[in-house]
Amino acid sequence: MVKSSRRKARIAALQALYEIDASKHIPESVTNRMVKETKLQEENAQFARMLVAEVLNNRNIIDEKIKIYAPAWPLDQISLVDRNILRLAIFEVLLDNKTPVKVAIDEAVELAKEFGSDHSSKFINGVLGSISNLAREK
């Protein structure tokens, strides 16, 4: 399967967010390294950098949405991969509004299938399905 260049940018952003979350490394350094390693074209490199920066800038708002829409899962008990996939998708669905909701959810589910556990895609899809109702109400 050929990955779209936007998906490659999301993968780079996810990997950067994962490392930043796990290690507390400097976000700009991590993001620049991920963009370089994935050999993204400039437009998609900018998209990946924007995703990382905006997810980090809005993490408190995004994490509150996760707490509301995944109440059975304390934030620190959600795997690092799933938590950061949710953060990316929630940013795109609720705050960025440049990606159609269905596309953002589909992309998140595909990331979960590729990088998460066996149950990640269903978990991500369920949480984002609930959150997508908020986007429709806007």
Side-chain angles (χ1 to χ4, degrees):
M1 180 175 108
V2 176
K3 290 182 183 149
S4 75
S5 42
R6 283 285 187 176
R7 179 160 308 152
K8 289 178 186 174
R10 285 184 180 92
I11 290 169
L14 172 62
Q15 290 171 327
L17 288 167
Y18 179 96
E19 181 177 332
I20 293 161
D21 203 10
S23 67
K24 311 301 183 220
H25 289 161
I26 299 167
E28 295 80 18
S29 299
V30 173
T31 305
N32 288 334
R33 189 181 76 250
M34 290 299 169
V35 164
K36 186 177 180 181
E37 287 175 5
T38 53
K39 298 178 179 142
L40 295 173
Q41 293 178 348
E42 188 53 36
E43 179 182 341
N44 291 307
Q46 288 176 2
F47 179 62
R49 286 187 185 98
M50 181 277 296
L51 286 173
V52 172
E54 291 301 322
V55 166
L56 294 175
N57 288 340
N58 293 287
R59 188 161 56 193
N60 291 338
I61 295 166
I62 294 167
D63 286 355
E64 281 305 311
K65 299 299 181 198
I66 295 171
K67 290 174 188 175
I68 292 168
Y69 289 95
W73 292 92
L75 201 58
D76 62 346
Q77 290 183 15
I78 298 173
S79 77
L80 279 171
V81 170
D82 292 355
R83 183 167 60 222
N84 285 293
I85 291 170
L86 284 171
R87 285 173 175 159
L88 271 174
I90 290 168
F91 168 73
E92 286 196 87
V93 168
L94 293 181
L95 303 174
D96 191 40
N97 298 313
K98 291 181 183 150
T99 304
V101 172
K102 184 178 180 346
V103 172
I105 292 172
D106 288 348
E107 286 291 310
V109 169
E110 289 303 314
L111 289 173
K113 286 178 182 175
E114 187 169 348
F115 296 101
S117 70
D118 291 343
H119 305 288
S120 293
S121 61
K122 289 180 183 173
F123 173 68
I124 298 289
N125 194 44
V127 174
L128 294 176
S130 298
I131 286 177
S132 69
N133 294 327
L134 277 181
R136 288 188 193 102
E137 291 171 8
K138 281 185 161 183

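Nothing fancy with the numbering, it's 1 onward along the sequence.
The distance from atom CG of L51 to atom CG of L88, rounded to the nearest 0.5 Å, is 5.5 Å. In this structure, the separation between CD1 on I61 and CG on L95 is 6.0 Å, given to the nearest 0.5 Å. A distance of 8.5 Å separates CG of D106 from CZ of R7, quoted to the nearest 0.5 Å. Distance CD1/I131 to CD1/I66: 7.0 Å, rounded to 0.5 Å. Taking CG of L17 as the reference point, atom CG of L86 lies at 12.0 Å (rounded to 0.5 Å). To the nearest 0.5 Å, the span separating CG on N44 from OG1 on T38 amounts to 9.0 Å.
Exactly one residue among L128, I124, T99 makes a side-chain contact (heavy atoms from CB on, under 4.5 Å) with I105. That residue is L128.
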Requested in this report: Could you give me the CA-CA distance, side-chain angles and deciding distance for M34 and Y18, then say whether side-chain contact (heavy atoms from CB on, under 4.5 Å) is met?
Outcome: CA-CA 11 Å; M34 290 299 169; Y18 179 96; over 6 Å; no
Query raised in the report: Should N84 and Q15 be marked as a side-chain contact (heavy atoms from CB on, under 4.5 Å) after you check the CA-CA gap, both sets of side-chain angles, and the distance that decides it?
Result: CA-CA 9 Å; N84 285 293; Q15 290 171 327; over 6 Å; no
Requested in this report: Would you please test K65 and R87 for side-chain contact (heavy atoms from CB on, under 4.5 Å) and show each step?
Outcome: CA-CA 9 Å; K65 299 299 181 198; R87 285 173 175 159; over 6 Å; no
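Other residues, nucleotides and ligands contribute more than 12 heavy atoms inside 6.0 Å of the CD atom of E37.
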Could you list the donor-acceptor pairs under 3.5 angstrom formed between side-chain atoms of residues 52-59 and any protein atom two or more places apart in sequence or on another chain?
from : atom 1 : to  : atom 2 : distance (Å)
E54  : OE1    : N58 : ND2    : 3.3
N57  : ND2    : A53 : O      : 3.2
N58  : ND2    : E54 : O      : 2.8

Taking only distance into account, with no hydrogens and no angle test, what donor-acceptor pairs under 3.5 Å do side-chain atoms of residues 67-81 form with protein atoms, sequence neighbours excluded?
from : atom 1 : to  : atom 2 : distance (Å)
K67  : NZ     : E64 : OE2    : 3.4
S79  : OG     : D82 : N      : 3.1
S79  : OG     : D82 : OD2    : 3.4

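Remark: D96 pairs with no residue by the side chain to side chain donor-acceptor pair (under 3.5 Å) rule, at least two apart or across chains.
Put simply, the side chain of K39 never gets that close to the backbone of K36: no donor and acceptor are under 3.5 Å apart.
Using a 4.5 Å cut-off on side-chain heavy atoms (C-beta onward), L40 and F47 make no contact. For the pair R33/E19, a side-chain contact is recorded, criterion being any heavy-atom separation below 4.5 Å from C-beta on.
For A13 against A48, the heavy-atom pair with the smallest separation is CB-O, 4.0 Å. A108 approaches A89 most closely through the heavy-atom pair CB-CB, 3.7 Å. The two residues S132 and V93 come nearest to each other via the heavy atoms CA-CG1, 4.4 Å.
Residues E110 and R10 are not paired through a salt bridge, judged by the lack of any N-O separation under 4.0 Å between the basic side chain and the carboxylate.
Under the 3.5 Å distance criterion, with hydrogens and angles disregarded, a donor-acceptor pair is assigned to the side chains of Q46 and E42.
The hydrophobic cluster containing I85 also contains F123, counting ILVMFWY residues as joined when their side-chain heavy atoms lie under 4.5 angstrom apart, directly or transitively. Neither L111 nor V35 shares a network with the other; the hydrophobic side chains, linked directly or stepwise wherever heavy atoms of I, L, V, M, F, W or Y lie under 4.5 Å apart, form separate groups for each.
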